[in-house]
Amino acid sequence: MSAEDMALGYKQLQCVEEAWRRLKSGLRMRPVYHWAVHRIHAQVALTVLALRLERAAELACADTWRNIRDDLKQIKLAQLSSPNGTVWQVTEPAQAAAKRLKALKIKAPAPLLDLA
């Protein structure tokens with residue numbers, strides 16, 4: 001191998017490692033140490049799936065995943081308990097969150113999820 005080929009190989013390796021770090025940081029993944037091959041494959045497959053879902057959301061909303069996530073984070077689930085039972089209630093999506101749901105073709109969650 002020539003010196004140029006080796007340098008190019010190291011540059012490409014560095015680019016791949018940097019891209020992988022960027023992808024994982026976007027997902028806010030903590031380090032995971034797997035020893036079994038099937039677990040490593042599952043981890044990689046789930047990471048790639050999550051990244052593809054993020055990218056699909058970015059394309060549908062024409063915005064960054066961070067902005068989409070921040071808008072959707074405003075939808076909350078509350079558990080209300082009383083002597084008569086428990087109610088699971090979802091907050092009404094704000095205008096920005098409703099816009100994101102519509103762009104993603106996702107129905108807004110029902111206001112009441114469960115009466116127990």
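Heavy-atom basis, side chains included; hydrogens, waters and symmetry copies ignored.
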Do you know the tightest heavy-atom contact between [X] and [Y]?
X      : Y      : value
Leu101 : Ile75  : CD1-CD1, 3.9 Å
Ala103 : Cys61  : CB-SG, 3.8 Å
Ala57  : Leu104 : CA-CD2, 3.6 Å

Checklist entry - Within the side chain of Ser81, is there an N or O that forms a donor-acceptor pair under 3.5 Å with the backbone of Thr86? => result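 Pair absent, no side-chain N/O of Ser81 close to backbone of Thr86.
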
With rounding to the nearest 0.5 angstrom, report the [atom1] to [atom2] distance, [X] to [Y].
X     : Y     : atom1 : atom2 : value
Glu58 : Arg66 : CD    : CZ    : 10.5 Å
Leu49 : Glu54 : CG    : CD    : 10.5 Å
Asn67 : Asp70 : CG    : CG    : 6.5 Å
Trp65 : Leu51 : CH2   : CG    : 11.0 Å

Checklist entry - Do Gln89 and Leu77 touch side chain to side chain, with heavy atoms closer than 4.5 Å? => result no

Next on the checklist: Can you confirm whether Val90 sits close enough to Pro111 that some side-chain heavy atom of one is under 4.5 Å from a side-chain heavy atom of the other?
Outcome noted: no

Next on the checklist: Is there a continuous path of hydrophobic side-chain contacts, each under 4.5 Å between heavy atoms, that joins Leu72 to Leu53?
Outcome noted: no

Checklist entry - Should we count CD of Gln74 as having more than 12 external heavy atoms under 6.0 Å? => result yes

Checklist entry - Is the closest basic N to carboxylate O distance between Arg100 and Asp63 below 4.0 Å? => result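 A salt bridge is present here (some side-chain N lies under 4.0 Å from a carboxylate O).
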
Item to check | Pair Val87-Leu112, side-chain contact (heavy atoms from CB on, under 4.5 Å): steps then yes or no | outcome: CA-CA 7 Å; Val87 175; Leu112 292 177; 3.5 Å; yes

